[in-house]
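These notes concern the structure reproduced below.
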Amino acid sequence: MQKPPQEDFSLKETNPHLGGGKVTGDKLTSTYDLVEQMQYLYVRVVKVKDLPSMDVTGSCDPYVEVKLGNYKGVTRHYEKRTSAEWNQVFAFSKDRIQASILEVTVKDKDVVKDDFIGRVVFDLNEVPKRVPPDSPLAPQWYRLEDRKSDKARGELMLAVWWGTQADEAFPEAWHSDAAAVSGSDALASFRSKVYLSPKLWYLRVNVIEAQDLIPSDKGRFPEVYVKAILGSQALRTRVSQSRSINPMWNEDLMFVAAEPFEEPLILSVEDRVGPNKDEVLGRTLIPLQYADRRLDHRPINSKWYNLEKHVVVEGEKKKDPKFSSKIHMRICLEGGYHVLDESTHYSSDLRPTAKQLWRPSIGVLELGILTAQGLMPMKVKDGRQSTDAYCVAKYGQKWIRTRTIIDSFSPKWNEQYTWEVFDPCTVITIGVFDNCHLHGGDKGGGSRDSRIGKVRIRLSSLETDRVYTHSYPLLVLHPTGVKKMGEIQLAVRFTCSSLLNMMHMYSHPLLPKMHYLHPLTVSQLDNLRHQATQIVSMRLTRAEPPLRKEVVEFMLDVGSHMWSMRRSKANFFRIMKVFGGIIAVGKWFDQICNWKNPITTVLIHILFFILVMYPELILPTIFLYLFLIGVWYYRWRPRHPSHMDTRISHADSAHPDELDEEFDTFPTSKPPDIVRMRYDRLRSIAGRIQTVVGDLATQGERLQSLLSWRDPRATALFVIFCLVAAIVLYVTPFQVVALLTGFYVLRHPRFRHKLPSVPLNFFRRLPARTDSML
């Protein structure tokens, strides 16, 4: 596989004109906003009145057509009305306007041909300009004219003005870029929107005990467990060890619940009467609206809940009035945890669920989504390749979606958004997608918005009050390898309200206190994160317009925990790079000990002698050395935000079969021979990992065996050595011992032997637990 050129994947600094000004160095000459100003002609169609009757039946089905050159926008039509109200805004980009006359025409909807009622004509040179934050332009009544400019019957209320994308009408406007789009759903999907993630809670169900359970077979001890269901989540306790009609568990079950709470918690006590056969002994429904809310680790009061049992009487299920079983539980919504729906490596929010525990914000993050360049064609439309691109950005609970730019490989959005920042060690994610739900929507339901690429920016890597304008590569990993899908130009500014508060944040735990006082297990966190992502995806899919499931899952990196040979290699080489500095120091010290450079070795002897004779200088010398290194590296500090790196990810060198394995479904959908080959390869890799882990365990067990008397002779030698060492160290000054030890380690190669040293030989002969393993 041919390696793509690395320079294609680089980050490029740009110099766009922002807010009517431009970026000079790190300063913005005009602080209006972080996007390039775009001029739009806005037309707000409010309503009509006193229209004439156009049909034989004496009725009128009016709608309004706004036409500017080749662009035409149409409102919905009303049936059998002489007065109608729309309050709809149309926006025409000045860059694409090729006409000087604006026509707003009122027509009557008909089966064969729509009838002309009247129109209002505007000369664009006479249209007023309105720049926010001016007051909104008030609409006016205009008398309709016929084609000969004579007065016609009826009046139209509208407003026409020049504005920018900062106008409050911009998000809800019909845009000229959507001229080919039809259908209200498609138009809604075209517009820019702001979404909020649902408020997520951890629900803790502490199942304590039950009383007076009545199994159908009274001649056996029941094997009872409790099953809890919340929406699509189902958990169960273990079978109670006390096999009686009063079983006990004292077991916690954890769920993710989203506010507003739409589904109750369903608990059923079941008896295992045989293989794959369970009998329901009682059931209860608990609305979460009435559950206690806990902000800290203090326990809440437990409650007894009545269990209902249904019996079949005359073919119908009815409640058993004689049934009086109860279950003892402690149910609470945990407000002291942060519900993880993202990976902790690039989380955008770390606050607890309960708003009472939030700290004040430390600043503001501003994002300007400017343009994209060189986007790849994503689909074929009308016999030609096209891309209908839009962006989604996620930070904290706030999601934003830009408008869709129709049929353009170099779309211009120039939209700006703002977020409150509560922690600098967080990450904003920006994704670019191709809209596959235009032109009346997806009739079959099988279309999915295609991913074009993703960018992550860590806020702590940004300097405060500096405007970053860069072009980020959009990279996507395909089964055929890594592919550049284009570039996106962003402007980012992180403004800090209090430098002292931000510095103080570095002393706080990353997650809320409850994660450390009552930690959840790794398997619990994995399951809860999966449930949280499913809930967020479902709620945002139900928004209007929907933020679709595939978009949410791509932004939240669902499935990133799956096995990947490429990621395993990348993580291994990351570890090796981290340890590279330690290895380099070890090699340097080995050169010192072997007198590769006699002058350096002599200087090290002198420094060592000074530090031993004046030990109070050791720690100051170390910290002074680190200070000087930090100051020296300041000249080469990173000046650009981080971006997706194909070299670190090993995406540019991955084998095709490894990529095919990474994109395989779970469970696998490959034929048995390929699965067998990959299984054998995985066993080979796991065997080498197993050997390394075993070697590390062996060294630890040898250290333990020094005093365990597993080898009585070795332990006796070590104990005697410790006694002698204690006496010698007591009577000998510490400086003398340190000097002798240091000079022995730094001795000249002619005084060294190639054989291993006595302590190393002794250590390697110590017993480990390997001989006890099967």
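These numbers come from a predicted model, not from an experiment.
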- Exam field: side chain Ser343 to backbone His345, donor-acceptor pair closer than 3.5 Å: yes

- Query: Under the 6.0 Å and 45° cation-pi test, does Arg466 pair with Tyr468?
  - Reply: yes

- Query: Can you find a side-chain donor-acceptor pair between Asn435 and Thr404 that sits under 3.5 Å?
  - Reply: yes

- Task: Check whether any side-chain heavy atom of Glu415 lies under 4.5 Å from a side-chain heavy atom of Phe170, and answer yes or no.
- Result: yes

- Query: Is there a donor in the side chain of Ser537 and an acceptor in the side chain of Glu553, or the other way round, less than 3.5 Å apart?
  - Reply: no

- Item | Side chains of Thr426 and Tyr395, donor plus acceptor under 3.5 Å | yes

- Message: With no hydrogens and no angle check, just 3.5 Å: does a side-chain donor-acceptor pair link Ser471 and Glu487?
- Response: yes

- When rounded to the nearest 0.5 Å, the distance separating CD of Gln165 from CD of Gln39 is 8.5 Å

- Charged N to carboxylate O under 4.0 angstrom, Lys412 versus Glu36? no

- Tyr40 and Ala91: which non-hydrogen atoms are nearest, and at how many Å? CD2-CB, 4.1 Å

- Which distance, rounded to the nearest 0.5 Å, do you find between the CZ of Phe554 and the OG of Ser450? 11.0 Å

- Hey, are Glu259 and Trp201 close enough side-chain-wise for a donor-acceptor pair under 3.5 Å? yes

- Under 4.0 Å between a Lys/Arg side-chain N and an Asp/Glu carboxylate O for Asp407 and Arg384? yes

